[in-house]
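All remarks here apply to the structure that follows.
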Amino acid sequence: MNFSSIITNWYSIHKRSLPWRNTKEPYYIWLSEIILQQTQITQGLPYYEAFVNKFPTVFDLANAKESEVLKLWQGLGYYSRARNLHKTATYIANELNGTFPDTYTDLLKLKGIGDYTASAIASICFNKPTAVVDGNVYRILSRYYGIETPINYTEGIKEFKKLATALIDKNNPAEHNQAIMEFGARQCKPKNPDCSVCPFKNSCIALQKNSIDKLPVKLKKTKVSNKYYNFLVFISTDKKTLFEKRTYKGIWQNLYQFPLIETKTPLNIDAFKASAKVKSLLNDISFEFSLYNEKDIVHKLSHQHLYTKFWIIEVDKLPSEGISISELTTFPTNILISNFIDEFKFPI
DNA sequence: AAGGCGGGGCT
DNA sequence: AGCCCAGCCTT
């Protein structure tokens, strides 16, 4: 049996039942692929269900406001996916009459669709022999063939794409692609795979050379920077607060948050009171403030650690136009703000 | 070519 | 604490 047959045989026995495996409708496959980018199935699954429920067709998604899409995406991370999802839905609904492109090349032109996703949709929906190369495929191929080329540089990316393309079953690319990814997720796992039950145990180079835990090779280290976030949680006597949209580039673009003072070093109470933002906002206003959390809440992103304080500022009247506290949960926010709103006892 | 972009789970 | 996850976009 060749590589593809072994993989698809394994898949026919071990595959999980997942909602997007019951359809070849491009809209649903696209939705699932975007949600699952850099996201484990257990984390993405409830979001997929929510999106299918709220936006059953690409037209429903296109007709929504971006803030509605972000609200449903809240907590999933990599929010550019949601913004691009909405942009592409609008394009497909309005310019393509709701019909998805059916080739790798045309799919690749869409916002938010790169090599992996174009290959996935073209193969699963349109039976094109376009091989997917995701984290699972890198791991399986590097181990099985004992390939030590780093997977995060151009040379490795091209080498693995070429190999995956050579291996794909042209008669059944949809099944092949899904099978190899499921095999990577369930059998050829990153840590402690049970190679004793692997169908490739007699031919896997890494297993023979005892190098399973060294492959795939990935060189870059993401360096993490520390930042100090001070959120200003205003509470007025008429039960309003200030909530702002992050319109600038960077993390959490187009999500909402309390007014923020960002510093490179911790902000003590005196520095907080002396800060330009506090002064400008609270000039000529009487207020009382307290600190919600004495110890910083540490919010860890892949490339930043955010040491966060929430400052509670009670005022008679807001320094500028605000929103009703009861409306807070209708705005899309990051998980940090969302958790605070859930846990803090606002006087509603 | 390199770096930014989230949040959760596992070891 | 570090790595990984059905990657993509901008610079």
Side-chain angles (χ1 to χ4, degrees), chain A residues 11 15-16 18 20-21 29-48 70 73-85 87-88 107-121 123-124 130-140 150-158 160-161 164 174 176-186 188-193 213-225 227 246 248-255 298-306 332-339:
Chain A
Y11 182 62
K15 73 172 178 179
R16 289 167 284 186
L18 296 167
W20 49 84
R21 289 189 174 150
I29 299 301
W30 170 62
L31 204 47
S32 72
E33 294 299 347
I34 302 298
I35 287 172
L36 292 175
Q37 286 168 4
Q38 292 291 284
T39 304
Q40 298 200 330
I41 285 175
T42 50
Q43 188 187 5
L45 187 52
Y47 286 84
Y48 175 81
L70 284 170
W73 200 271
Q74 179 173 303
L76 194 56
Y78 285 147
Y79 296 92
S80 65
R81 291 183 293 171
R83 299 191 300 269
N84 287 333
L85 187 78
K87 197 175 303 179
T88 293
L107 286 162
L108 197 57
K109 295 172 185 165
L110 302 175
K111 276 283 183 192
I113 295 187
D115 174 78
Y116 163 78
T117 306
S119 302
I121 297 174
S123 62
I124 295 171
T130 48
V132 295
V133 183
D134 71 336
N136 294 304
V137 176
Y138 281 122
R139 191 167 54 253
I140 296 165
I151 63 170
N152 52 343
Y153 287 88
T154 305
E155 184 192 355
I157 293 169
K158 289 169 72 174
F160 282 96
K161 180 74 180 182
H176 171 100
N177 273 341
Q178 295 183 82
I180 194 168
M181 290 190 285
E182 185 81 335
F183 185 81
R186 312 255 292 171
C188 197
K189 297 185 294 183
K191 301 285 182 188
N192 306 325
D213 58 353
K214 294 182 178 57
L215 294 172
V217 175
K218 200 172 182 180
L219 289 185
K220 276 176 224 161
K221 276 178 288 200
T222 56
K223 71 165 196 286
V224 176
S225 64
K227 290 182 177 173
R246 286 179 75 108
Y248 44 92
K249 286 196 183 295
I251 59 171
W252 303 329
Q253 189 178 7
N254 291 3
L255 301 187
V298 186
H299 188 67
K300 295 183 177 181
L301 311 181
S302 50
H303 57 302
Q304 296 178 28
H305 287 184
L306 308 179
T333 72
N334 63 63
I335 199 68
L336 185 59
I337 300 290
S338 165
N339 286 342

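The model shown is predicted, which means the values in this text are computed figures rather than measured ones. Quick note: numbers below take in every heavy atom, side chains included, and nothing from hydrogens, waters or symmetry partners. In what follows, every chain begins at residue 1, and chains take the letters A, B, ... in the order their sequences are listed.
A distance of about 12 Å separates the C1' atoms of B:dG6 and C:dC5, rounded to the whole Å. Between B:dC10 and C:dA6, the two P atoms lie 13 Å apart (nearest whole Å).
Among residues two or more places apart in sequence or in another chain, the salt bridge (Lys or Arg N to Asp or Glu O under 4.0 Å) test is passed with A:K109 by A:D106. With sequence neighbours excluded, the residues forming a side chain to side chain donor-acceptor pair (under 3.5 Å) with A:N254 are A:E66, listed by chain and number. Judged as a side chain to side chain donor-acceptor pair (under 3.5 Å), and not counting sequence neighbours, A:T130 has no contacts. A:T88 is linked by a side chain to side chain donor-acceptor pair (under 3.5 Å) to nothing, counting only residues two or more places apart in sequence or in another chain. Among residues two or more places apart in sequence or in another chain, the ring pair (Phe, Tyr, Trp, His ring centres under 6.0 Å) test is passed with A:Y138 by A:F160. Every side-chain contact (heavy atoms from CB on, under 4.5 Å) that A:A185 has, sequence neighbours left out, goes to A:R16, A:N136. Applying the side chain to side chain donor-acceptor pair (under 3.5 Å) test to A:R21 and every residue at least two apart in sequence or in another chain returns A:Y11, A:E182. When the salt bridge (Lys or Arg N to Asp or Glu O under 4.0 Å) test is applied to A:K300, no partner is found at least two apart in sequence or on another chain. A:Y47 meets the ring pair (Phe, Tyr, Trp, His ring centres under 6.0 Å) test with no other residue; sequence neighbours excluded.
Using a 4.0 Å heavy-atom criterion, one finds that A:W30 contacts no nucleic acid atom at all. Residue A:D115 is classed as a sugar-phosphate contact, given heavy-atom separations below 4.0 Å to backbone atoms only.
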Report the C-alpha separation of A:N84 and A:Y78 in whole Å, then their side-chain angles, then the decisive distance to 0.1 Å, and conclude whether the side chain to side chain contact (heavy atoms under 4.5 Å, CB included) test is met. CA-CA 11 Å; A:N84 287 333; A:Y78 285 147; over 6 Å; no
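Looking at A:E33, A:Q37, A:K161 one by one, the single match for side chain to side chain donor-acceptor pair (under 3.5 Å) with A:Y116 turns out to be A:E33.
Once you apply a 4.0 Å limit to the heavy atoms of chain A, the touched nucleotides of DNA chain C run 5' to 3' over C:dA1 to C:dT11.
When each of A:I113 and A:R139 is assigned the nucleotide of DNA chain C bearing its nearest heavy atom, the one mapping closer to the 5' terminus is A:R139.
Rounded to whole Å, the distance from CD1 on A:I157 to C1' on B:dA2 is 11 Å.
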Pairing string of DNA chain C (Watson-Crick or G-U wobble, both atom distances under 3.5 Å; | = paired to other strand) is |||||.|||||
Reading nucleotides 4-11 of chain B from 5' to 3' and marking B where a protein heavy atom lies under 4.0 Å of the base, S where only the sugar-phosphate is that close, and - otherwise, the string is SBBBS--S
